[in-house]
Amino acid sequence: MTRHIISVLVENEAGALSRISGLFSARGYNIETLTVAPTEDASMSRMTIVTSGSEDVIEQITKQLNKLIEVVKVIDLSEAEHIERELMLIKVRAGQKEREDMKRMADIFRGRVIDVSDNTYTIELTGDTRKLDAFIQALEPGSILETVRTGASGIGRGNRVLRV
Amino acid sequence: MDRVKTSRLTGAEIVVRCLQEEGVEYVFGYPGGAVLFIYDELFKQDKVRHVLVRHEQGAAHAADGYSRSSNKVGVCLVTSGPGVTNAVTGIATAYMDSIPMVVLTGQVPTHAIGLDAFQECDAVGITRPIVKHNMLVKDVKDLASAIKKAFHIATTGRPGPVVLDIPKDVTAAVTEFHYPDSVSMRSYNPVRKGHAGQIKKAVQLLREAERPMVYTGGGVVLSNAAPQLRELVKLLGFPCTNTLMGLGGYPGTDPQFLGMPGMHGTYEANMAMQHCDVLLAIGARFDDRVIGNPAHFAQNPRKIIHIDIDPSSISKRVKVDVPIVGNIPDVLEDLHKLLQGAPKNDLQAWWKQIDEWRAKDCLRYDRNSKIIKPQFVLEKLYEVTKGEAFVTSDVGQHQMWAAQFYKFNQPRRWINSGGLGTMGFGLPAAMGVQLANPGATVACVTGESSIQMCLQELSTCKQYRLPIKIVNLNNRYMGMVRQWQEFFHGNRYSESYMNALPDFVKLAEGYGHRGVLIEKPADVEPALREAFASKKELVFLDFITDQTENVYPMIPGGKGMTEMILSEEL
Ligand SMILES: Cc1ncc(C[n+]2csc(CCOP(=O)(O)OP(=O)(O)O)c2C)c(N)n1
């Protein structure tokens, strides 16, 4: 079982997303995260799916995705050098006592405080999944009020381009 | 001015015009509120003929049988809500066997979608996992191109059913009509030609093979590759097996044919699959009913070449050495070209081995029985129809015996639900077959349990004067279930006895057909001869057969291809 990050270019049509998520549930494939939004060409969406499975399963996942009529292109980003980023918004307890510490912690992880109230901070953090996990690990469990994560978006390094 | 005026059509008119443009002969359907505008347009013309079934499952199976036996697209039309849900079994059946169909489903008006309107159901959602593709057409302007796409997608690449969900207001709305000549989709471009390098590798393996085996499935039938397959297998002199879906892909009476492989395949086909050194798999998918346990299959080393139009069929259950993605006839022609003139493989030892396996005569049964043996009925059916009938079947023991005992020399003659295993398929499928092949001999081999699942279609047969011959192998049991219970559940026949059976003769008569009860072996052949002599009427032949007969050989679920249970007769 290895983690794979798969990018899919898909026609921006009603039902395409449920077709893809339906494929994963019908065939028992894992989805850790799935992100999707239109590309610079509004007729097409780009999806990033983080999944895990044996080599055989991953091969089937890419083949099955390719088989869907609305899917234009599929690549397994993890086959080569790539970059992945995820955005997290995390609301933490930040009363008088904790404020300093919390700010310092956010700085260490290159997070930004984007909203402040008397006793909370909302911190924005981007990075790969491990970095966001590490930030959560670094905080006192009791100090986290809310977390929102987008799931990973991925792109190939250098000249590696996914387009039609 | 006039031309512009006449080219403005309602959605319903567009539907019918598109069907005409596609050359659709028959639409199998059942009306209801959401499709009334379409029915109104069907009424006003006579190019596209409508066949009124008695249940929407029957419509889907009939369209399916029509397609399987003719290589044309099967079309059906059902209303929203229960119309769609009734058709679901038929759509799933077609999907599992990759049958090109276009299913038009009515939908509530667009403004009512999502409001739990009367007879609303999410047709696109319900059918999503059982179609090649589906679309909800929300704007009449998109209707013609959606229909064009539906036919294109259904028939190209690996075929399959496409559902088009059309809201009622879309069928009433008006737009300019233009039927596109062709479709181009950046996201869908099935390949045709196989990869030249892979084909070379395959040739190398085939030339070096000492114990080769050719294993072909439904893909050969669906891609009309039977002539190319025959030529290639004849050129090579290799043994060949056809799966349940592939029967008729290679002539069943040819000496190089080893019968069907798999759970109820022949001893020789299964042994040869397991012990070959090079396996050429064509349009087949190594499914669980064929190779059984993949780990057991992998115990014997062999090189596998796999030709298929669908990349996802390759290396799904079994790792393949030489995958070739492409249109089967094209790939087989390429192989043929490269193999022509090559020195013949020395296969003497291999054929000697195969003949030893054959000598087991694994399909042997008691021919002196005082009770009618189902195998005997099928042997006689084969003789009486000279092997030329279209044979549809339901699901169970009778299906396996039909596959074992009827020798199909041509593709598209054996029509059965292999993938989904849908009881109730046989009779409505036979209607589609008979309509696609007027004048042809059509037999529906069934069991007393299966036939009751779509029995209402006897009425449709009457209305359209379909002279189908129903061969009911009546063992008073869900025989296949009973067999599993005998083998694996300590003879506890839980709910597999078919009690309170109707009098099938009277039942057939009630529908306006002829019924015949046959209870003695000596009456089997005369009854068949008499029934098949009649080209005009449907005859329901109710054969009272041995309740205890089992299908042999049998590979128990999860076992390997060589772990067959053979008949005690042997
Ligand atoms: C719709 C449906 N329900 C249940 C089954 C499970 N099943 C497979 S074979 C069989 C028995 C079929 O009995 P019959 O039609 O009498 O044929 P026989 O096996 O006796 O020849 C059943 C219930 C099925 N295949 N399809």
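Every chain is numbered from 1, with letters handed out A, B, ... down the list of sequences.
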Filtered by a 4.5 Å non-hydrogen cutoff, the part of residues 86-106 of chain A contacting chain B is none
When the 4.5 angstrom heavy-atom criterion is applied to B:Asn189 and chain A, the contacting part is neither
Between A:Glu13, A:Lys67, A:Glu11, A:Arg19, which residue shows the highest count of heavy-atom pairs closer than 4.5 Å to chain B? A:Arg19
Check whether any side-chain heavy atom of A:Arg85 lies under 4.5 Å from a side-chain heavy atom of A:Ile83, and answer yes or no. yes
Of all heavy-atom pairs between A:Val10 and A:Ile20, which one has the smallest distance, and what is that distance? CG2-CD1, 4.2 Å
Is there any residue in residues 43-52 of chain A with a non-hydrogen atom under 4.5 Å from a non-hydrogen atom of chain B, and which ones are they? A:Ser43, A:Met44
Distance alone, cut at 3.5 Å: any donor-acceptor contact between the side chains of A:Thr120 and A:Ser117? yes
Would you check if B:Phe151 and B:Leu164 make a side-chain contact, meaning some heavy-atom pair closer than 4.5 Å? no
Quiz question: by atom type and distance under 3.5 Å, do the side chains of B:Thr156 and B:Tyr188 form a donor-acceptor pair? yes
Residue among A:Ser18, A:Ala26, A:Ala14, A:Gly22 with most heavy-atom pairs under 4.5 Å to chain B: A:Ser18
For a quick check under 3.5 Å, do A:Ser78 and A:Asp76 share a side-chain donor-acceptor pair by atom type? yes
Flag this pair as yes if the NZ/CZ of B:Arg302 is under 6.0 angstrom from the six-membered ring centre of B:Phe297 and inside a 45 degree cone about the axis; otherwise no. yes
Heavy-atom side-chain contact between B:Met101 and B:Asp64 under 4.5 Å: yes
Okay, side chain of A:Asp115, backbone of A:Thr122: is any donor-acceptor separation there less than 3.5 Å? no
Return yes if a side-chain donor-acceptor contact under 3.5 Å exists between A:Thr150 and A:Thr35, otherwise no. no
Considering only heavy atoms, which portion of A:Gln60 lies under 4.5 Å from any heavy atom of chain B: side chain, backbone, both, or neither? side chain
Could you pull out the closest heavy-atom pair between B:Cys121 and B:Thr85, with the gap in Å? SG-CG2, 4.2 Å
Does the side chain of B:Asn134 pick up a donor-acceptor pair with the side chain of B:Thr127 at under 3.5 Å? yes
Side chain, backbone, both or neither of B:Met185 within contact of chain A (heavy atoms, under 4.5 Å): side chain
For B:Lys319, is it the side chain, the backbone, both or neither that has a heavy atom under 4.5 Å from a heavy atom of chain A? side chain
Residues B:Lys138 and B:Asp169 bridged, charged N to O under 4.0 Å: no
B:Leu136 portion near chain A, given a 4.5 angstrom heavy-atom threshold: neither
